[in-house]
Amino acid sequence: MTDHFTPANLDLAHEIIGRYPVKRSAMIPLLHLAQEQDGWVTEDAMRQIAELVEVTPAEVLGTCSFYEMFKRQPVGRFLINICGTLSCQLMGAEDLIHHAEQTLGITSGDTTPDGLFTLAVAECQAACTEAPCLQVNYRHRYKVTPADFDDLVEELRRQAGEGEGPDPQSPETAGVPRHGVLSVARQHIPAERAAGPSSPTTNQGPPVWMPPPDAEEPK
Amino acid sequence: MSDATRVYRSPPREGSPVSDPTEAPPDDGVKITIDGREFTAHKGELLIAAAERAGTYIPHFCYHSRMSPVGMCRMCLVEVDSGRGPGLQPSCMVPVSDGMVVDTESETTKRAQEGILELLLINHPLDCPVCDKGGECPLQDQAVAFGPGESRFVEEKRHYEKPIPISDLVNLDRERCILCDRCTRFAREVAGDPLISFTERGNRTQVLTFPDDPFSSYFSGNTVQICPVGALTAAPYRFRARPWDLDQVESTCTTCSVGCRIAVQSSGDQIVRRLGVDIDPVNHGWLCDRGRFDYESAYSPERITDPLMRGRAGDSELIEATWPAAMAATAETLREAIDAHGASSVAVLGGARLTNEDAYTWSKLARTVIGTDNIDSQLADGLAAEMVLTLPRATIDEACSADTVIMFGVDPKEELPVLHLRLRHAVVEDKVPMIEFSPVETSLSRHCRSVRHLPGALTESVSELLASEGERIGSGSVVVVVGRGSLAGSGEDIEAAVAAIRQAIPHATFLPALRRGNVMGALQMGLSPGILPGGLAFSEADRLGEDWAGSQPVVSDEPGLDAAGILAAAAAGRVAVLILLGADPLADVPDRDLAERALAGAGTVVAVDTHLTVSARRAHVVLPASGPGEKAGTTTNLEGRISRLGPKVTPPGTARPDWMIAVELADRLGVDMGFADSRRIWDEISTVVPMFSDCPVERIESPEAQDGILCRPAGDGDLRWDPPAAVAAPPVDAYALRLVSSRKLYDQATMTANSPSLAGLAEESRVRLNPRELDRLGVTDGGRLAFVSPRTRIIATVSGDEKVPRGVMAMTFNAAGPAASELIELGTVVTEVRVETL
């Protein structure tokens, strides 16, 4: 048995698996969990996920590597994706990318030696009216000028200096959680309120919300 | 494109079953028009399959008749008009519908095919001159037949490291891959070992294993055979031959008793490859890697090429001898033994390696010429011959379509791998209910209802089920797959369980999951004490004609000794001549101590074998026999299906077929058996043995026999099986573990150990225990413990395994290292083993 998830995350993993009628359906949520724990998806994590959802590690790798946002190499605490697609290009993305590379001292695709920043050029982020735009750990920043970029980097450095950063579990915390943290709020359905998974193979009846055929038409 | 290239057919060994031009009956049929000709297809049939049956080949790469269609390669695009006008549709994804009009030769279809091929070839390296597949490559062939002839692509092609080994047997060249999903689909759907998967996406999509987790499937060789390009190549065959230099003959694999149909291919009088041939009733084109690659053993340095003999002094080395000298010595020894101690001082062990003809000849030699009935083709590691020959027998197809399958005493994946594929498909895909009884988790446990029982308590467990659910189960068809399973206990428990099922469900039929190549043929030819060819009892000897009926007194005496009896008699010095017919008692008898004493106590040991096995090394005379692919004849699979073997190469040195050795021995003992070739022997078998009377040579040689001819015992003879009374499992000894020792696919078996590609896959001997048992004993994985049985004390490495319940220890039989057979005493109900920490 691979032992990669922390005990707390392993409990969480079992809770997530419990939400699905078929264990392997939990594969992607567990990959997110692994990326949240480590900032990237390690081989050990994929092995343990395979064991947890009862598939082979090769199948987990197949799914994981299909999605570009699952990183299989370490990335910095902040992943900065600068849009390089048409609208942003027209509005100065090229200059912005050049400036970012100069400021951080790395070329796009690399991580700064202190492990804080990974810079990447990304495809359209669906904010063409706000060009040029970028994302920090998938949180948008709009109409970014080189000066804005410097402020952003300074702000993120200051944040990082304050320790581990905002508590991802607390909705009040502002700022940018570290790479891999999906959301500041975690879904948790108390057992007494959960409908529980319903097996698609054994449950052949109509969905519970469907009125019986002899029910009156709602007025 | 000329008409001449249009008649292109996929290579016959490519996987698709022989095209069956029969039209569906009109009431079930769907009328379609293919290229202007009407054809009645089956309801729900895929267009590409219907076209193939109608004689129209539609080019394809990803479609494979034994796997679900995926529509990956787009090569099978044809113009289909289902009433809304013609349009291009992938014929592997479209079921036929009434009135469908298909044009596989229209301009649009041709343009689509040319376009697809141009696209597929964009990144293909075209390194055909150094590719194993070149010359038999569907991509190469179809590029010639359906391609545009030139490419407009001038840019750099995609590059990957090539080739990379994805297992010890298979190499992967990602540059050649066209991403058809055949190998990955096979691994997932058919083998159930999804250790390879598409990874990455888009232009970088590639098939890969998980890092450091090789594609170690027992069935990996099939992916090489179904790969439509040279992306997957077999390491043992790499650069060994070019397809156009190969000569091939169709045959049957005799590595285990499933009897997969194969094509044996040779170059320069050496076998270089085996391929699976698709026949419906048995293997569906698949092979296990052991059956695919163990031809290598024929060229091992351990292969015996000439007779070997010791000097009269007895303890001298085995030295090469001439056939006349070795035969004269053997005949002389036999005659002396018969004169001095009577014919019953001669015993014959083994015979499952033999063809039916070999087995019949040896059976006849022993009974009518030598005059002994001490003959057993099983080494106390199988099932009672009377039971196997009298039970109503099921076919593999019947097992796969039964209302309930009950299985015990076998993990087919380890012992009969292609039977595992068939049963797995039935259980996983077709949802056939299976109930399995096993002391440890098996390969199918995850997919079926699996009942754990303590070793020795099978009958109790089965009876419990029959008491509560026997009526429900018995209301439908029931097939029982029964093997010997663990060798750490006597087979009586299994026999009693079979008897219990027979009593509760009289219409149940049985598929005996015996392991060795032609063990069924050997039993049916009478290589078992008290049983004559055709499963006849001694009292029916006159049904076999005068040769047999006249062989008094043997057939009127009490039945002779079985393997256990022969070994005990030999150990007690009562066997003057022990003939080993391809038997290796030291490796295979589940009682190493007894086997040692038997070989030491037997007067003269004569080994007839292909390889110098551990036991053959102890023999006084060793006679070289020809092996698989080297001899003609027939073999019988576990269903009782008789099929022809194809001789392809000449045996090495002076090795000769076993029947020929028997005939010459008889001759030297003064009897002319009258056999000049194996055809003549089958002629006699089909003439004198009632069971084979409707199976004359002509029928065996006819095309009808390609799928094999099913010959089941009629069940009307005098042979009786007296099941043992239910064996009470001994009470649990809380201080001991019960031993379960079954076989794995790769072990120290002669052919596996002598095949360089496979030998390394066999695991070292180790004891598998429940992890909690390890904790209790205070050892970790890889630690060592001492195990003490009434027989002996051995020290072995242990590992934790959740598949083994507490109170049980599992140890692979015949693995390298401390042998499980050292712990076992033949005939005990269970082997209790005490554990000592070191």
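A note on names: the letters A, B, ... follow the listed sequences, proteins ahead of strands, and every chain is numbered from 1.
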Nearest-0.5 Å distance that lies between atom CG in B/Asp213 and atom OG1 in A/Thr56
7.5 Å

More than 12 heavy atoms from other groups under 6.0 Å of CD on A/Gln73:
no

Closest approach of B/Arg201 and A/Glu68, non-hydrogen atoms and distance?
NH1-N, 3.9 Å

Where does B/Arg204 contact chain A at under 4.5 Å (heavy atoms): side chain, backbone, both or neither?
neither

Is it the case that more than 12 heavy atoms not belonging to B/Asp430 sit under 6.0 Å from its CG atom?
yes

Flag the one option from B/Gly800, B/Ala187, B/Ser197, B/Pro194 with the top tally of heavy-atom pairs under 4.5 Å to chain A.
B/Pro194

To check you understand the geometry: which heavy-atom pair defines the closest contact between A/Ser65 and B/Glu200, and what is its length?
OG-N, 2.7 Å

Contact class of B/Leu195 relative to chain A, heavy atoms under 4.5 angstrom:
both

Can you confirm whether more than 12 heavy atoms, excluding those of A/Glu94, are under 6.0 Å from its CD atom?
no

Should we count CD of B/Glu763 as having more than 12 external heavy atoms under 6.0 Å?
no

Pairwise distance CD(A/Glu59) to OG1(B/Thr199) - rounded to 0.5 angstrom:
13.0 Å

Exceeds 12 heavy-atom contacts within 6.0 angstrom, atom NZ of A/Lys71:
yes

Check this for me: B/Lys162, atom NZ, are more than 12 non-hydrogen atoms of other residues, nucleotides or ligands nearer than 6.0 Å?
yes

